[in-house]
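For reference, positions follow the sequence shown, starting with 1.
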Amino acid sequence: MSHDQTDAHRIESRAHLLPEEAAAGSDDPHAQAEAILAESDRRKDDRNAAPDTLLEHRTSDQTVPSIEPPD
C-alpha cells in the first residue's frame, strides 16, 4: 500500500463522525478528518507543535518522593 493510499484510508476512516461530532454537525466530514489527521501528524513529528501544551519528560523517580520502609 502506498503512502497516498494509506493517507486516503486514514482520512476515509476518520471521516466517520464520532457521536459528539455528529451531534454538533459537520459541513464536510472529509475535510474535517483531513485537518484533524494533519494536525495529529504535526504533533507526532514535533512534540512542541501542540499549542499551549507543556510536555514534561521525567521519570517516575523524579516525580514521586521515595518512601523509606520503616526499620
Side-chain angles (χ1 to χ4, degrees):
M1 188 179 289
S2 75
H3 182 66
D4 290 339
Q5 289 173 324
T6 302
D7 285 347
H9 182 288
R10 289 175 63 216
I11 292 167
E12 189 60 36
S13 176
R14 182 58 181 91
H16 297 283
L17 298 177
L18 300 173
E20 299 84 2
E21 295 167 334
S26 176
D27 292 334
D28 189 349
H30 190 270
Q32 179 177 328
E34 200 169 352
I36 289 168
L37 292 170
E39 181 177 351
S40 176
D41 290 343
R42 278 193 304 275
R43 289 180 183 199
K44 183 180 75 174
D45 294 339
D46 179 6
R47 296 185 74 127
N48 296 319
D52 302 325
T53 300
L54 174 63
L55 298 175
E56 295 185 35
H57 302 282
R58 298 186 290 174
T59 61
S60 61
D61 62 323
Q62 294 171 314
T63 60
V64 180
S66 61
I67 299 174
E68 296 289 326
D71 291 334

List the residues meeting side chain to side chain donor-acceptor pair (under 3.5 Å) with Ser26, not counting sequence neighbours, and say none if there are none.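 With sequence neighbours excluded, Ser26 shows a side chain to side chain donor-acceptor pair (under 3.5 Å) to Gln32, given in chain and number order.
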Transitive ILVMFWY cluster of Ile11 at side-chain heavy atoms under 4.5 Å: who else is in it?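 Leu37, which link up through side-chain heavy atoms under 4.5 Å apart, make up the rest of the cluster.
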Where do Ala15 and Pro29 come nearest, in terms of heavy atoms and distance?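 Heavy atoms of Ala15 and Pro29 come nearest at O-CB, 3.4 Å.
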Can you name the residues that form a salt bridge (Lys or Arg N to Asp or Glu O under 4.0 Å) with Glu21, not counting sequence neighbours?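 Per chain and number, Glu21 pairs via salt bridge (Lys or Arg N to Asp or Glu O under 4.0 Å) with Arg14.
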If you measure from NE2 on His30 to NE2 on His16, what distance do you get to the nearest 0.5 Å?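 Answer for the NE2-NE2 pair, His30 versus His16, is 10.0 Å.
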